[in-house]
2 protein chains.
Amino acid sequence: MFSNKLFKKYCSAEWLPIFDLNKSNIQVKAKERIFNEGDLVKGIYFIEEGKVKVLSGFNGKDEKIIRIASNDMILGHRGIHYKHYHISSEALTDTTLTFLPINIFLKIIKANPNMAVYLLDFFIEELREAEDRMDSLLNFDPKKRIAIILLKLVDCFGFANKKSNLLSFTLSRADIANMIGTTYETVIRTLANFEKLNYIELVGKEIAIKDITKLKELAADKKVRKKTKAKL
Amino acid sequence: MFSNKLFKKYCSAEWLPIFDLNKSNIQVKAKERIFNEGDLVKGIYFIEEGKVKVLSGFNGKDEKIIRIASNDMILGHRGIHYKHYHISSEALTDTTLTFLPINIFLKIIKANPNMAVYLLDFFIEELREAEDRMDSLLNFDPKKRIAIILLKLVDCFGFANKKSNLLSFTLSRADIANMIGTTYETVIRTLANFEKLNYIELVGKEIAIKDITKLKELAADKKVRKKTKAKL
DNA sequence: TTCTAAACATGATAATTATCACATACTTTC
DNA sequence: GAAAGTATGTGATAATTATCATGTTTAGAA
């Protein structure tokens, strides 16, 4: 997590007004792009409120979702290193962002050692998540990956309200497919299958989680080959 | 890249002797572990000379390769944030490492702002690589992923000598399978197929690249669904 | 409201890959 | 150098998933 507030926390008193002076507020509607692959890096975005997908792939048809982000996360942080974005980001819901120009951001980092160290921690966490996802792509078949995604959605977005088991936000079938490298038909069939098994319930396009334990079992069950002759 | 030398470059004069005083030299033989998942993080490793694989998965049988690293790269850097490693690393060849205790490493980072910023850059680069690999897992079938790995091996390890097109280091079929989430049989068959197509030549267990252009073509050819009705 | 496009859904079929079984070659160890 | 274990290689088969076709529902625009 790396929010506006945390950023301020690691910012020394003298630099705070500089942050406030240079930041700006951005509103994007659902399905609007925040930045596009190839765009010049102008700054960094803090998600104040909303849900965003970060995706690779240019021509609309072969987009793949690299990660999803919501409140109190940052976007475009790789612009620290690059002149141009090599990924795009698109709002999933109406979203409020705080924007900070990249040169100001860099100045503040360099002047605040604690901030730099905190950012390092943040990146390490991001790396870990990327590796975890890679691991799931390497180890699991589509069915299990869908179970993993459902758990991630619970974790990331939570339920509509405390009494409900309805996900507060449901990715489209196509978006789920693009997160796990399968087709939307497979997602649809697998969700139907999960419903039959009573793991979930489909309420229109929305998804309600009925048996999170079973989903976790599925998600944890790495296939290990019976054959033990050749170690791998 | 983040080498011993670069580390020194971003280290101020007063801190250099502290680095030299605390570093130690480690030699590991091929197939030896450098650290294991679950081990207490003791420090950070600079690869001086050698090749290493970083892997996830505990019980030997379901290991998956997260990344491969060679000269002038670092290992165990996520220990900055965590108490225990959640991945393992194993030498692919006899390897020489420089080791620096984590507390010294952290002190040096905090005292040298330029170093912290350089490290940030390094992590961003790592993130990008992780995302690129994720993208290839999402977009390509095993055959194309193998082409991508072959190109990566060329890029990472190069050829045996300037005149030769023989890879200077060949991962085992099982290791390749574990990098791309397939079985070693599929790797073997695909390599045989590539040989038939004259893209590569198999010299015992080694691989010689005969037509890098064709491999690149394969590796670039993302499958896009014919069907354009539903955008995704 | 009606029209249109996007998203969801399902069946049939083809293609791909995993799995299993077995054979051979190469390495390491005793 | 024999034995044991590991790595490579190949064929047959089963299982899974992608693809294609087609229909229905939903959401948004005119």
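Numbered from 1 within each chain, the chains take letters A, B, ... in sequence-line order.
Listed pair B/Thr186 / C/dT17 fails the phosphate criterion, with no side-chain N or O lying under 4.0 Å from OP1 or OP2. Here A/Ser172 does not reach the OP1 or OP2 of C/dA6: none of its side-chain N or O atoms lies under 4.0 Å away. Listed pair A/Arg189 / C/dA9 fails the phosphate criterion, with no side-chain N or O lying under 4.0 Å from OP1 or OP2.
Salt bridge A/Glu37/A/Arg78: absent, no basic N to carboxylate O contact under 4.0 Å. In this structure, A/Glu126 pairs ionically with A/Arg67, as a charged nitrogen and a carboxylate oxygen lie closer than 4.0 Å.
Under 3.5 Å, the side chain of B/Glu185 and the base of C/dC20 form at least one donor-acceptor pair of N or O atoms.
Rounded to an integer number of Å, the gap from CD1 of B/Ile188 to P of C/dA21 is 17 Å. Taking atom CD1 of residue B/Ile180 and atom C1' of nucleotide C/dA18, one finds them 13 Å apart after rounding to whole Å. Between the CG atom of A/Leu191 and the P atom of C/dT10 there is a distance of 11 Å, given to the nearest Å.
Closest to the side chain of A/Lys205, from the set C/dA18, D/dA18, D/dT26, is D/dT26. Between D/dT10, C/dA18, D/dT19, one nucleotide has an atom nearer to the side chain of B/Thr183 than all others, and that is C/dA18. Which of C/dT17, C/dT10, D/dT8 sits closest to the side chain of B/Pro142 comes down to C/dT17.
Within a 6.0 Å radius of CD in B/Glu217, more than 12 heavy atoms belonging to other residues, nucleotides or ligands are found.
Heavy-atom nearest nucleotides on DNA chain D were determined for A/Lys31 and for B/Arg173, and the one closer to the 5' end corresponds to B/Arg173.
Atom CG of A/Asp72 is separated from atom CZ of A/Phe46 by 10.5 Å, given to the nearest 0.5 angstrom.
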